*Asks:* 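Sharing a structure below in structure tokens format, with a few things to ask.
Note: hydrogens, waters and symmetry copies are ignored here, and every other heavy atom, side chains too, is used. So you know, we letter chains A, B, ... as the sequences are listed, proteins then strands, and number each from 1. On a predicted model such as this, the values are computed, not experimentally measured, just so you know.
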2 protein chains.
Amino acid sequence: MATIRDVAREAGVSIATVSRVFNQTALVSEGTATHVRSIAARLDYWPNSAARSLITHRTNAIGVLLPDLYGEFFSEVIRGIDLAARQEKYQVLVSSFHASAETIVSAIRALRGRIDGLIVMVPDADAHTAIQEFATRFPVVLLNPGANAPECGALSIANYDGAFAAVDHLAKLGHRSIGILRGPLGNLDAEERARGYRDALAANGLAWDEALEVGGDFTESSGFQAAADFARMRPRPSAVFCANDYMAIGLLSALRDAEVRVPEDMAICGFDDIAIAHYLTPALTTVRVDACSLGERALHQLLPFARTRRPADGQREVLPASLVVRRSCGAPVPGTGEARGARSRRRTPSSPSHHRDERLAAGSDGATA
Amino acid sequence: MATIRDVAREAGVSIATVSRVFNQTALVSEGTATHVRSIAARLDYWPNSAARSLITHRTNAIGVLLPDLYGEFFSEVIRGIDLAARQEKYQVLVSSFHASAETIVSAIRALRGRIDGLIVMVPDADAHTAIQEFATRFPVVLLNPGANAPECGALSIANYDGAFAAVDHLAKLGHRSIGILRGPLGNLDAEERARGYRDALAANGLAWDEALEVGGDFTESSGFQAAADFARMRPRPSAVFCANDYMAIGLLSALRDAEVRVPEDMAICGFDDIAIAHYLTPALTTVRVDACSLGERALHQLLPFARTRRPADGQREVLPASLVVRRSCGAPVPGTGEARGARSRRRTPSSPSHHRDERLAAGSDGATA
DNA sequence: CAACCGCATGTAATCGTTTTCATCGTTCGC
DNA sequence: GCGAACGATGAAAACGATTACATGCGGTTG
């Protein structure tokens, strides 16, 4: 592989000149510049990024650290980050860690020196302390800060508002006994959603009852198992808000097995609006979150700090979450004649034919399945 | 940030010794080693990876270049790669490019010097030429080589076999007029699947009829639109094989709107077995592909070459694709009593509660929706 | 007892850039 | 014409590691 020295020799100039041509950092005469460029092209030269970042202390890459790479939410976040990064000419290093605060530290350590900034999603409050001091001397953007997150960039989705809207909707439909299938204990998103649930109850004059809360872990099977708990309750709740869609799916399956009709006997509401939600029978009422733009926004928030290598200040941004009403909650679904199964999640239609669906999806998302 | 020099000075040894302690590349007495390590820990020292890779010519990172990051298939591939990479202590640089062979070249160029090897998925045969000469001097593993792919590592899914199995299944069910909804022209996976379709027809003594082939582009909306084409055919095919699940979903929606019953009036078969397939009504018969292990295998195939920085030789591996029979094809579905919606896609259950579902899913995957 | 050997460690060259500072014509203002 | 200013270029010092080679030192061996 050709080095800057080869190009310089071949072009009959010094390496400084070649460097300047490639960086446009200082004046180089038009003639030499084009000459050097042609030589470089012939030798297939490209600056070695290790050497470059050794001296500039910049890598033009950012790291993405997620608790897992499984599921639609994470993959959409990554896609959003990639979209923005490509536009900004930054590379993306992804990495996942599993569970413990131990590994999150070693994951960060492994990334060190390779990236100019980090986007990290912490599963629970415990992990915050691990990030804490790192964030004071490195650009970090948190993807789901809790109430007392470290002083650094942070971006979150409106967990509280979304949950509130969903439960408020159920209450307004007349349900007086509304259960919740919670996410993992200590999980920040889960806590916020639970808080939204409780406040929505209160706002509708409903008493909070611990007996109506069932623990889950965001997996489909935990939803499946929770069905038994709800069935056992006296009185049985006439509606259940699930802290995410996967659990709602599991719950729906179990209810069908138990011949509990949804929404007639029990109204169900999820959270996330994953692609499947739309296709379930009955279609799942849920709270939509735009994971892709969460990723995009995170990168854009991080970039100014990554560029200057200054720790990100305590800037915060919250992405809205919107209720998507479908069949599973028993509310009248707006619109009837729209194309079914023609919902778009892409930003850029890959074919003109997509156009029609885009419009429809924007109008309303109710399904008639 | 502390450098190797700081540690050496503080520990009263030379930088060579510090380096040796961190690389375990030569004998260092037990005493000095632990001393150096403690100093390093105190100074929070970690070797600068740019400096290191400048001299070693290795980055301990591999690149992943995909045509897009949208959809379940790609995200699972990435997850598989990440899983294997973490285990092997390699970092993963992901990057997507859109469409043209122009950008694939620049994407590769941008990655150059940052990675020890590349896993790339080329959308069509045209892009092969762009990879071609690069692969002769750099470790590359192709994720979907066509028939005449460049001389390099390659891994593919059994597109042909999967399609053959699906269509053969339809034929064995008695269908004499089987249509196909094809993928994009030039797309390698799509071509192979179409070939499997044709050969399966022939194997069952059915004549190939161009009129039964409808063009699609792998999107849901193209499936939706194709419904009209199939409806117009005389005689109307009694079964349709779709080259991927997204198109099958679109087709199912359109058929429902047109009040064509599935599978009674038209049997439908998809490809990929995305998560949604299981939850559709009727549940979609499709061909399962393990995208996650495709990623894992790719990394493992690449690694020996990445480690030695030798171009990967023409080793090839094919991942099996298996037919998953559900309701949409009209065949009797095996098993009836199993838990619904309790299918696992994870390798490692995150909670003990998952265990039961794992077993069930392993047994058979038919659905009773 | 000298030669040798192996272990532990240090010295210094090297990787491929960027960037500061110096140099060297030209041109310009006066 | 002469110094200043300027534009284009080169020389050389970093950047922070790895590693070939040299060195010193005690213990074995013939």
*Asks:* In whole angstroms, how far is the P atom of C:dG16 from the CZ atom of A:F22?
*Replies:* 15 Å
*Asks:* With the side chain of A:Y45 defined as its heavy atoms from C-beta on, choose the nearest nucleotide among C:dA8, C:dT17, D:dG16.
*Replies:* C:dT17
*Asks:* Between P on C:dC15 and CE on A:M1, what's the gap in Å once rounded to a whole number?
*Replies:* 16 Å
*Asks:* I want to verify a distance call: between C:dG10, D:dA17, C:dT19, whose nearest atom is closest to the A:T25 side chain?
*Replies:* C:dT19
*Asks:* Determine: side-chain N/O of A:T17 to OP1/OP2 of D:dG10, distance under 4.0 Å, yes or no.
*Replies:* yes
*Asks:* With a 6.0 Å cut-off on ring centres, are A:F138 and A:F305 close enough?
*Replies:* no
*Asks:* In terms of the nearest nucleotide of DNA chain C, which residue is placed more toward the 5' end: B:I55 or B:S14?
*Replies:* B:S14
*Asks:* Tell me yes or no: between the side chains of B:T56 and B:S53, is some donor less than 3.5 Å from an acceptor?
*Replies:* no
*Asks:* Does a side-chain N or O of B:T32 approach OP1 or OP2 of C:dA8 to a distance below 4.0 Å, or not?
*Replies:* no
*Asks:* What's the closest nucleotide to the side chain of B:V13 if the choices are D:dA17, C:dC15, C:dG10?
*Replies:* C:dG10
*Asks:* Is any side-chain N of the basic residue among B:D116 and B:R309 closer than 4.0 Å to the acidic one's carboxylate O?
*Replies:* yes
*Asks:* Using a cut-off of 4.0 Å between protein heavy atoms and nucleotide atoms, how would you tag nucleotides 21-28 of chain C 5' to 3' with B, S and -?
*Replies:* --------
*Asks:* How long is the line joining CG of A:L54 and P of D:dT18, in whole Å?
*Replies:* 12 Å
*Asks:* Figure out the CD/C1' separation between B:Q24 and D:dT18, and round it to whole Å.
*Replies:* 15 Å
*Asks:* When the distance from CD1 of B:I15 to P of D:dG16 is rounded to whole Å, what number comes out?
*Replies:* 12 Å
*Asks:* When you get a sec, tell me which of D:dC15, C:dG10, C:dT17 is the closest nucleotide to the side chain of A:H57?
*Replies:* D:dC15
*Asks:* Could you please name the option among D:dA17, D:dT18, C:dT18 that lies closest to any side-chain atom of B:N23?
*Replies:* D:dT18
*Asks:* Expressed in angstrom and rounded to an integer, what is the separation of A:W46 atom CH2 from C:dT18 atom C1'?
*Replies:* 17 Å
*Asks:* Answer yes or no: does a side-chain N or O of B:S19 lie under 4.0 Å from OP1 or OP2 of D:dT18?
*Replies:* yes
*Asks:* Of all the heavy-atom pairs spanning A:I115 and A:I62, show the shortest one and how long it is.
*Replies:* CG2-C, 3.6 Å
*Asks:* State whether A:R52 places a side-chain N or O below 4.0 Å from either non-bridging phosphate oxygen (OP1 or OP2) of C:dT18.
*Replies:* yes
*Asks:* How long is the span from the CD1 atom in B:I78 to the SG atom in B:C292, to the nearest 0.5 Å?
*Replies:* 11.5 Å
*Asks:* Testing the 3.5 Å rule here: is there a donor-acceptor pair between the side chains of A:N144 and A:S156?
*Replies:* no
*Asks:* Say whether B:S96 and A:R86, considering side chains only, have a donor N or O and an acceptor N or O under 3.5 Å apart.
*Replies:* yes
*Asks:* State which of D:dA12, D:dT18, D:dA8 makes the closest approach to the side chain of B:T56.
*Replies:* D:dT18
*Asks:* Round to the nearest Å and state the distance from A:I4 atom CD1 to C:dT19 atom C1'.
*Replies:* 11 Å
*Asks:* Tell me whether the OP1 or OP2 atom of D:dC15 has a side-chain N or O from B:N48 closer than 4.0 Å.
*Replies:* no
*Asks:* Can you measure B:R9 atom CZ to C:dG10 atom C1' for me and round it to whole angstrom units?
*Replies:* 17 Å
*Asks:* Does the side chain of B:S29 get closer than 4.0 angstrom to OP1 or OP2 of C:dT9 through an N or O atom?
*Replies:* yes
*Asks:* Between A:E30 and A:A16, which is nearer to the 5' end of DNA chain D once each is assigned its nearest nucleotide?
*Replies:* A:E30
*Asks:* Does the pair A:D82/A:R79 count as a salt bridge with the N-to-O cut at 4.0 Å?
*Replies:* no
